[in-house]
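Just so it is clear, the structure is predicted and the values come from calculations on it, not from any experiment. Here is how names work: the chains are called A, B, and so on, in the same order as the sequence lines, proteins then strands, and each is numbered from 1. All values below come from the heavy atoms of this structure, side chains included, with hydrogens, waters and symmetry mates left out.
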There are 2 protein chains.
Amino acid sequence: MRTRDEQKELTIREKALEMIVEQGFDGFSMQKLAKAANVSPGTLYIYFKDRDDLIMKLWETQMKNMSDAILYNFDPEASFEEGLRVQWMNRARYLIENPLSMQFMEQIKYSPYHHVSLTRLDNNFLDMMRKFAHNAIKRKELVKLPIEVYWSMAFAPLYQLVKMHITGRGMHSGPEKFVLDEKTMNMTLKLVLKALRPT
Amino acid sequence: MRTRDEQKELTIREKALEMIVEQGFDGFSMQKLAKAANVSPGTLYIYFKDRDDLIMKLWETQMKNMSDAILYNFDPEASFEEGLRVQWMNRARYLIENPLSMQFMEQIKYSPYHHVSLTRLDNNFLDMMRKFAHNAIKRKELVKLPIEVYWSMAFAPLYQLVKMHITGRGMHSGPEKFVLDEKTMNMTLKLVLKALRPT
DNA sequence: TTTATAAATGAATGAACATTCATTTATATT
DNA sequence: AATATAAATGAATGTTCATTCATTTATAAA
């Protein structure tokens with residue numbers, strides 16, 4: 001019996017991610033993917049049921065990797081300032097080290113593929129995020145507000161900065177690339193903490 | 001001589017926008033668009049050079065509409081608080097009233113189509129936004145910070161809330177739809193102002 | 001009313017698409 | 001070494017794709 005080639009599947013997934021990010025879902029075809037991964041088109045259907053299954057599995061893996069990275073060293077019982085700082089660093093590090101992952105997830109977010117049902121994992125992750133916020137409110141380290149407002153204030157600025165860093169397109173007029181360094185991140189985190197700290 | 005049918009072009013553009021938002025660039029084809037707009041495939045090529053031209057023109061129009069809406073009643077010489085409030089209301093109103101526009105622009109942002117060169121209009125718009133921020137810093141109504149940090153703090157939370165409103169997917173655990181009302185918006189704007197006000 | 005011209009048509013073209021399947025290849029098990 | 005089995009192949013299938021073009025239709029200008 002011939003055995004499954006783990007490396008082959010990894011190559012397929014990697015090339016697929018690259019193709020989708022570079023050429024969009026539009027320019028992503030099974031035949032081009034087969035060529036890029038150095039396998040025959042038929043081989044793709046051994047590892048994945050069909051094109052949609054491949055895209056969905058790609059998405060699930062990226063989500064898993066990202067949430068693992070976010071939870072690294074994170075304790076939902078930690079103080080708000082400490083917990084938020086850990087999450088900012090984790091999110092920024094992961095996204096900057098995995099720009100393809102970020103661009104793929106952004107692309108899928110507003111596409112029809114996003115209508116994949118949430119897995120148990122996602123719900124656990126969300127529960128943890130909510131618990132952290134509720135803890136902080138209870139301890140009066142965080143102003144009392146709807147969870148969506150908290151989420152928007154706490155993370156949207158960071159994601160905006162990371163997106164600018166990855167695309168290189170900032171807001172300045174010249175041709176210089178925007179680079180998100182630690183100083184800029186700390187400055188922004190300080191502003192966010194100021195907004196969210198009870199007076 | 002037969003004349004150009006303005007209404008026909010509008011219908012084509014409208015249906016194209018709907019199709020792209022509902023089915024992605026993937027599911028968007030010239031033949032399906034022709035059927036949806038009740039014209040023959042050939043007619044599409046009278047109004048648009050090709051598929052890419054159609055998508056690009058769609059994008060330009062949406063950008064123009066959006067920046068017009070943002071600048072409505074906006075004065076870059078106004079006080080920071082007043083100017084930011086006007087922009088928040090303008091942005092929120094436009095996006096909530098034009099959810100297709102928002103979803104289309106989000107979809108294009110991370111696709112290969114985004115590599116369209118900025119028009120003069122965009123640059124004027126950006127100049128105005130920068131001028132507003134610089135004025136506010138000069139007047140000590142806004143903390144001194146890099147323009148990208150300002151941008152991330154000032155607008156990313158709003159956009160996050162609008163996105164949740166349009167998709168209906170908030171952060172809560174139940175099946176209730178998230179709705180961005182005026183109270184929630186004012187609450188968030190207050191937090192943003194708190195963060196950005198010099199101490 | 002006639003004429004000139006651009007809009008509009010839709011069948012046709014060839015390329016690219018996702019997927020299948022009869023066949024071949026590699027290898028774990030015996 | 002023989003066998004069984006799943007991986008891997010790649011040509012083939014039928015569909016859909018973007019785009020073209022000879023033809024027809026509507027209408028502004030004469």
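Contacts of B:Arg85 classified as side-chain hydrogen bond (donor to acceptor under 3.5 Å, both in side chains), with partners at least two apart in sequence or in another chain: B:Asn186.
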Using a cut-off of under 3.5 Å, enumerate the N/O to N/O pairs linking the protein to nucleotides 3-6 of chain C.
residue: C:dT5; atom: O2; partner: B:Met1; partner atom: N; Å: 3.4

Close N or O pairs between protein and nucleotides 20-23 of chain C (under 3.5 Å):
none

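The two atoms that bring A:Leu158 and A:Ala92 nearest to each other are CD1-CB, 4.3 Å, heavy atoms only. Listed here is the closest heavy atom pair of B:Leu17 and B:Leu58: N-CD2, 4.1 Å.
The nearest whole Å value for the distance from the CD1 atom in A:Ile46 to the P atom in D:dT5 is 17 Å. Spacing between atom CZ of B:Arg51 and atom P of C:dC17 amounts to 12 Å, rounded to whole angstrom units. Between B:Phe28 atom CZ and D:dT19 atom P there is a gap of 10 Å when expressed in whole angstrom units. Here D:dC17 presents its C1' atom at 12 Å from CG of B:Asp26, a figure rounded to the nearest Å. To the nearest angstrom, C1' of D:dA7 lies 16 Å from CD of A:Gln7. One atom, CG of A:Leu44, and another, P of D:dA7, lie 14 Å apart when rounded to the nearest Å. Put simply, CG on B:Leu33 is 16 Å from P on C:dG10, counting in whole angstrom units. Atoms CZ (B:Phe48) and C1' (D:dA18) sit 15 Å apart, rounded to a whole Å.
A sub-4.0 Å separation between OP1 or OP2 of C:dA8 and a side-chain N or O of B:Ser40 is absent. Applying the 4.0 Å criterion to OP1 and OP2 of D:dA18, one finds that B:Ser29 has a side-chain N or O inside that range. Distances shown here put a side-chain N or O of A:Lys8 below 4.0 Å from the OP1 or OP2 atom of D:dA8.
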Working for ring-ring contact (aromatic ring centres under 6.0 Å, His included), residues B:Phe132 and B:Phe80: CA-CA 8 Å; B:Phe132 172 64; B:Phe80 181 62; 5.7 Å; yes

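Taking every side-chain heavy atom of A:Gln31 into account, C:dT19 is the closest of C:dT19, D:dA8, C:dA8.
A donor atom on one side chain and an acceptor atom on the other are found under 3.5 Å apart for B:Tyr159 and B:Arg91. Under 3.5 Å, the side chains of B:Thr167 and A:Tyr110 contain no donor-acceptor pair of N or O atoms.
Atoms OG and CG, from A:Ser29 and B:Asp26 in turn, are 10.5 Å apart once rounded to the nearest 0.5 Å. Between the NZ atom of B:Lys109 and the NZ atom of A:Lys109 there is a distance of 11.0 Å, given to the nearest 0.5 Å.
Look at A:Glu60 and A:Lys64 and you find no salt bridge, because none of the NZ, NE, NH1 or NH2 atoms lies under 4.0 Å from a carboxylate O.
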